[in-house]
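For reference, positions follow the sequence shown, starting with 1. The figures here come from the full heavy-atom set of this structure, side chains too, leaving out hydrogens, waters and symmetry mates.
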Amino acid sequence: MDITALNEIPAHIAANKLTPKEAANRIAELIYRFPYKFGLYRFDEDFRSELIVSFLQQAHVLFDRYDSAQGAFVPFLYAFIRGLILSELRVLRKEAVDSKSMKQEEANEYEQQMVRYAPDEVAATDEAYEFRPVIAPSKTYCVKNYCTYQSNVEEKTVLVLALKASYYLSDRHISLISRYCEVDRAALAQTVADLKAPLEKRVQNWERLRTRRDNSYYFHRTYAVMLNHQNETETVQAGLKARYAKQTANWLAKNRQIKKSCHRICPTNKTVARVLGICERQVSYYITRARRKVADGELYAALDELPSPENT
């Protein structure tokens, strides 16, 4: 079938000499036999087969939309097939991006699991564990106005840090801190719960920020993969580069926001000071003192000497 015969197909359909299905089958046969005439010379057999299937499924649209007053049928047919080619390329590109992103996420998850389940260096040592007797505190203090009763600077520092980190404390931490600071465990647990309650809104804001950061990272990775395809036009490449730059900037900006101290989930110095019966400057002093000790390599030896709550 030559070009003249192709141009006559709409007339044959209109004259009931051909049905749309028969005409579609004839065109599909030409696409299969002469792919180079339809711009398919650089695609493999799988791609051509998928394109022919798509053509047969949508051929009725081709015949319904063709208007002989607007021009010959063959250019309209070529444009229709070109549209099918672009649609099929978009599907393949999306599948490639999703596959590569999934592989990257699997690799990241594997690395996290390797870190999470790596053997504990301390547990792997051959040194025998020395069991120490549990020494009950001789007296206990109230958490409220604690610093007005307690004179030990180390214990004040530990309790200030504990209340600042109240959102992250577990039952094990509360038990350990209550015995070291000689405060009632139930009172400390209630105080920690009271400090946690107002932080829920901040936690929700932080979760939303992290979700936006993760979304930006996903699109950053997606556009990076899409930019590696060299068969795009310069216009498409420019658009992809702009979107890639925007999503990369958003991802880095969200990371910086998460790392800022304002996004740490902890009560204010004023709140901690009100609980302990001291001023904000004293809370800042104990925090600075703890930072200096950590920087100097000092690790509260008294805490290390206490047995774990599981052994009590």
Once side-chain contact (heavy atoms from CB on, under 4.5 Å) is applied, do any residues pair with [X], and if so which ones, sequence neighbours excluded?
| X | result |
| --- | --- |
| Y41 | Y36 |
| D46 | D44 |
| N25 | K21, L56 |
| S170 | R172, H173 |

### Task
Sequence neighbours left out, what pairs pass side-chain hydrogen bond (donor to acceptor under 3.5 Å, both in side chains) with at least one residue falling in residues 239-253?
H220-T248
Between [X] (side chain only) and [Y] (backbone N and O only), is there a donor and an acceptor less than 3.5 Å apart?
| X | Y | answer |
| --- | --- | --- |
| R48 | P35 | no |
| N7 | A72 | no |
| E22 | T19 | yes |
| E8 | A5 | no |
| T271 | P267 | no |
| S284 | E280 | yes |

### Task
Provide the full list of salt bridge (charged side-chain N to carboxylate O under 4.0 Å, His left out) pairs with a residue in residues 208-220, sequence neighbours left out, each pair given once.
E207-R210
Inter-residue atom distance [X].[atom1] - [Y].[atom2], 0.5 Å rounding:
| X | Y | atom1 | atom2 | value |
| --- | --- | --- | --- | --- |
| R26 | E29 | CZ | CD | 9.0 Å |
| L199 | C266 | CG | SG | 7.5 Å |
| N255 | Q257 | CG | CD | 9.5 Å |
| R185 | L176 | CZ | CG | 11.0 Å |
| L6 | I9 | CG | CD1 | 5.0 Å |
| I174 | R179 | CD1 | CZ | 12.5 Å |

Using side-chain heavy atoms (C-beta onward) and a distance below 4.5 Å, is [X] in contact with [Y]?
| X | Y | answer |
| --- | --- | --- |
| I177 | L169 | yes |
| Y285 | I278 | no |
| F80 | L84 | yes |
| K37 | L30 | no |
| R221 | Y217 | yes |
| Q282 | L276 | no |
| K156 | V153 | no |
| F47 | L40 | yes |

### Salt bridge present between E88 and R93 (N-O < 4.0 angstrom)
no
Search all heavy atoms of [X] against all heavy atoms of [Y] and return the closest pair with its distance.
| X | Y | result |
| --- | --- | --- |
| D184 | A187 | OD2-N, 2.9 Å |
| S178 | S175 | OG-O, 2.9 Å |
| V158 | C181 | CG1-SG, 3.8 Å |

### Task
Given side-chain contact (heavy atoms from CB on, under 4.5 Å), test E155 with L159 step by step and report yes or no.
CA-CA 6 Å; E155 295 181 7; L159 191 58; over 6 Å; no
### Task
Could you give me the CA-CA distance, side-chain angles and deciding distance for I81 and L51, then say whether side-chain contact (heavy atoms from CB on, under 4.5 Å) is met?
CA-CA 8 Å; I81 294 176; L51 183 78; 4.1 Å; yes
### Query
What residues, two or more places apart in sequence or in another chain, satisfy ring pair (Phe, Tyr, Trp, His ring centres under 6.0 Å) together with Y223?
none
#### Entry: Shared hydrophobic cluster for V53 and F38 (ILVMFWY, side-chain gaps under 4.5 Å)
no
### Connected via hydrophobic side-chain network under 4.5 Å: I85 and V91
no
In chain order, what residues pass the side-chain hydrogen bond (donor to acceptor under 3.5 Å, both in side chains) check against [X], with sequence neighbours excluded?
| X | answer |
| --- | --- |
| S87 | R90 |
| K94 | D98 |
| K164 | N269 |

### Task
Not counting sequence neighbours, list each pair that qualifies as a ring pair (Phe, Tyr, Trp, His ring centres under 6.0 Å) and has a residue in residues 9-33.
none
Name each donor-acceptor pair under 3.5 Å that joins a side chain in residues 57-66 to protein atoms two or more places apart or in another chain, with its distance.
from: H60; atom 1: ND1; to: Q57; atom 2: O; distance (Å): 3.4
from: Y66; atom 1: OH; to: G71; atom 2: O; distance (Å): 2.7
from: Y66; atom 1: OH; to: F73; atom 2: N; distance (Å): 3.3

